[in-house]
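Data block below; observations after.
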Number of protein chains: 2
Amino acid sequence: MTKQPRLALGRAQKRNLFAHVVEDLGTRIIKGDLTPDDPFPIEADLGREFGASRSVIREAVKSLAARGLIESKTRTGIRVMPPTHWNLLDPEVLSWRYGAMPPVQFYGELFEIRLMIEPQAAALAAERAHASDIAEIAEAFAEMTKVSPNSTAAIDADLRFHRAILAAGKNALLHQMGHLIAVGLYISHQTSSDSFTVFLPQHGKVLDAIRARDPQAARRTMEKLLNETREFITGHLKNGRRRAK
Amino acid sequence: MTKQPRLALGRAQKRNLFAHVVEDLGTRIIKGDLTPDDPFPIEADLGREFGASRSVIREAVKSLAARGLIESKTRTGIRVMPPTHWNLLDPEVLSWRYGAMPPVQFYGELFEIRLMIEPQAAALAAERAHASDIAEIAEAFAEMTKVSPNSTAAIDADLRFHRAILAAGKNALLHQMGHLIAVGLYISHQTSSDSFTVFLPQHGKVLDAIRARDPQAARRTMEKLLNETREFITGHLKNGRRRAK
DNA sequence: CATTACCCAATTATCATATAATTAGACATG
DNA sequence: CATGTCTAATTATATGATAATTGGGTAATG
């Protein structure tokens with residue numbers, strides 16, 4: 001049989017086939033359309049369903065397995081893993097989950113974690129930051145004061161600020177939490193770009209505390225920043241703010 | 001050409017070829033043998049190196065890419081991502097990293113995070129735990145009192161205890177941190193199984209606090225447990241304790 | 001009846017090969 | 001210098017085999 005070139009019908013098939021299969025199955029699993037109890041389609045059937053070759057399906061399966069969403073074994077086939085097994089901190093999984101949960105709940109969970117991590121991270125930064133780390137935090141803050149509040153540059157600068165603090169904490173695991181924060185900031189800005197302007201000064205206070213090498217102040221100011229942001233955004237989310245996309 | 005059956009020469013090739021390639025490349029990347037600057041071998045060369053077909057190599061590449069270790073693009077080929085991009089919370093990555101770092105440093109990082117997470121998790125558990133959650137924590141503790149301190153059952157019971165507390169916090173992201181804790185406990189027990197017996201009573205105090213619905217006490221007792229464990233184990237690690245394997 | 005040993009069919013694992021799609025970099029052109 | 005065009009390198013996808021694994025059925029055994 002001659003090779004069937006892949007035809008992109010219907011909606012713009014921008015990303016490649018592999019990415020499409022991964023995302024489609026990933027979101028279905030997280031939405032609960034496919035559960036550990038349901039029998040999962042075998043590779044051949046998945047291939048038919050997506051109009052993809054077995055190669056693509058298998059690669060997608062490996063990708064999802066690496067994220068803890070599924071498991072694939074000889075003879076048994078593929079099965080969905082229980083939610084406790086999912087790598088929720090994986091950026092993809094995080095974003096799929098964001099699309100599948102009520103925003104208020106998602107945001108609530110996210111901030112609960114941020115509140116555990118970031119105040120202490122700020123304190124560590126105040127203790128351990130090198131001059132270059134502080135310079136980076138300061139630069140990020142300077143950028144925040146310049147950008148247009150409702151541009152994506154605002155999100156970038158904000159993220160840069162928070163990441164720089166994590167980096168200054170000199171703990172690789174800590175730094176990794178940047179993914180979580182990125183999603184948190186994204187939601188914040190999507191929900192209300194006003195928040196950026198409102199909480200800009202508090203960012204400055206965090207910077208000052210770190211600069212002053214004052215761990216307690218760093219912890220307190222960061223905690224205040226997060227608590228107030230959470231309250232602000234949660235209020236907006238509850239007022240029937242729907243998200244784009 | 002007729003198909004070459006795969007021959008397992010040399011050391012026992014227990015896991016399948018795919019898993020072997022993933023682990024080999026993964027550890028090499030994390031050890032720094034392959035950096036973002038080095039040119040990464042192309043699929044064909046990897047296939048030759050491992051004596052594997054392109055399919056297996058590609059599946060391994062997708063698996064590593066899902067963990068944020070590498071990126072693969074048409075024409076550019078494969079490249080190692082900078083460490084900040086790695087999904088360090090992924091259980092595999094975590095364990096590879098454990099094998100590639102000085103134990104004291106690894107343990108230090110790990111406990112810094114545990115200290116951010118678990119005391120607050122215990123406090124949340126004291127507030128939110130359902131009766132069944134408390135029963136599970138209690139049962140785990142009961143099991144801890146029964147098992148032989150230097151058995152793997154001890155690790156299991158210990159992990160069960162800590163996981164149950166996370167679960168009682170009613171935050172999926174929190175629960176996810178169980179992976180981190182698992183590795184932490186594993187190291188603790190490997191380093192000194194005495195720690196299990198020494199800190200058993202303090203576990204009981206945490207349980208009591210949660211049972212009493214006293215968030216502050218839960219936080220304090222958990223914090224004490226972690227701090228003392230860290231001190232105890234770090235001391236042993238510095239005394240030239242080498243790990244197995 | 002219970003337990004063990006064996007076999008079979010289902011499913012993934014691996015291999016081999018061919019073609020399609022993408023794109024970095026070279027090169028030409030203005 | 002900027003911009004467009006071409007080409008070769010590399011991954012992306014497809015196809016069709018064969019190998020390896022194993023859950024569950026079935027027979028043999030005690």
Side-chain angles (χ1 to χ4, degrees), chain A residues 1-10 12-25 29 34 36-66 68-81, chain B residues 1-10 12-25 34 36-66 69-81:
Chain A
M1 188 191 282
T2 88
K3 183 181 178 188
Q4 288 291 336
R6 150 179 158 239
L7 46 129
L9 40 88
Q13 166 94 41
K14 194 64 201 79
R15 300 179 328 310
N16 60 24
L17 193 44
F18 162 78
H20 175 248
V21 174
V22 169
E23 171 154 353
D24 189 287
L25 289 178
I29 291 167
L34 293 166
D37 301 319
D38 302 325
F40 205 91
I42 65 176
E43 290 177 355
D45 288 341
L46 289 172
R48 264 185 294 278
E49 174 182 345
F50 287 103
S53 68
R54 241 188 101 200
S55 323
V56 169
I57 298 299
R58 283 184 56 80
E59 286 163 18
V61 164
K62 294 300 186 188
S63 183
L64 291 170
L69 297 188
I70 60 181
E71 189 183 58
S72 167
K73 287 199 302 210
T74 302
R75 158 81 212 211
T76 315
I78 304 164
R79 65 170 185 140
V80 174
M81 301 299 282
Chain B
M1 188 189 282
T2 88
K3 185 182 176 186
Q4 288 290 338
R6 151 176 157 240
L7 46 129
L9 40 88
Q13 166 95 41
K14 193 66 201 82
R15 299 177 329 310
N16 61 23
L17 193 44
F18 163 79
H20 175 249
V21 174
V22 169
E23 170 153 353
D24 189 287
L25 290 178
L34 293 166
D37 300 321
D38 303 325
F40 205 92
I42 65 175
E43 290 176 355
D45 287 341
L46 289 171
R48 263 185 295 278
E49 175 182 345
F50 287 102
S53 69
R54 245 190 96 200
S55 319
V56 169
I57 298 300
R58 284 184 56 79
E59 287 164 18
V61 164
K62 294 301 186 186
S63 183
L64 292 169
L69 297 187
I70 60 181
E71 189 183 59
S72 167
K73 288 199 301 214
T74 303
R75 160 76 213 216
T76 313
I78 304 164
R79 65 169 186 140
V80 175
M81 300 300 281

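Letters go in sequence order (proteins before strands), and every chain restarts at 1.
- For A:S72, whose side chain is taken as the heavy atoms from C-beta onward, the closest listed nucleotide among D:dT13, C:dA16, C:dT12 is C:dT12.
- In this structure, CZ of B:R54 is placed 13 Å from P of C:dC15, rounded to the nearest angstrom.
- Rounding to whole angstrom units, CD of residue B:E71 and P of D:dT11 are separated by 13 Å.
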Next on the checklist: Between B:K73 and B:R75, does the side chain to side chain contact (heavy atoms under 4.5 Å, CB included) criterion hold? Intermediate values first, please.
Outcome noted: CA-CA 6 Å; B:K73 288 199 301 214; B:R75 160 76 213 216; over 6 Å; no
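- In this structure, B:G47 reaches neither bases nor backbone, as no heavy-atom distance under 4.0 Å exists between it and the strands shown.
- When rounded to the nearest whole Å, the span between CZ of B:R58 and C1' of D:dT13 equals 8 Å.
- Summarising the geometry, the separation between CZ on A:F40 and C1' on C:dT12 is reported as 14 Å, rounded to the nearest angstrom.
- Side-chain contact between B:D45 and B:F40 is absent, with no heavy-atom pair separated by less than 4.5 Å.
- In this structure, of C:dA16, C:dA13, D:dT13, it is D:dT13 that holds the atom nearest to the side chain of A:L17.
- Remark on DNA chain D: of its neighbouring residues B:T76 and A:T76, the 5'-side contact belongs to B:T76, judged by nearest-heavy-atom nucleotide.
- Rounded to a whole Å, the CZ atom of A:R75 is 18 Å from the P atom of D:dA20.
- Side-chain proximity of A:S53 to D:dT15, C:dT12, C:dT14: nearest is D:dT15.
- For C:dT12, neither phosphate oxygen OP1 nor OP2 lies less than 4.0 angstrom from any side-chain nitrogen or oxygen of A:T74.
- For the OP1/OP2 pair of D:dA12 and a distance below 4.0 Å, the side-chain nitrogens and oxygens of B:K62 include at least one atom meeting the criterion.
- With rounding to whole Å, A:I57 atom CD1 is found 12 Å from D:dT15 atom P.
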Checklist entry - Does the pair A:I42 and A:I78 meet the rule for a side chain to side chain contact (heavy atoms under 4.5 Å, CB included), with working shown? => result CA-CA 7 Å; A:I42 65 176; A:I78 304 164; over 6 Å; no
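- Contacts of B:A52 with the nucleic acid, taken as non-hydrogen atoms under 4.0 Å apart, involve only primed sugar atoms and P, OP1 or OP2.
- As rounded to whole Å, 13 Å separates atom P of D:dA14 from atom CZ of A:F50.
- Two residues, A:S55 and B:P41, neighbour DNA chain D, and the one matched to the more 5' nucleotide by heavy-atom proximity is B:P41.
- Across all their heavy atoms, B:I57 and B:A52 have their closest contact at CD1-CB, 4.2 Å.
- The closest side-chain heavy-atom distance from A:F50 to A:V56 is not below 4.5 Å.
- The CZ atom of A:R79 sits 15 Å away from the C1' atom of C:dT11 (whole-angstrom rounding).
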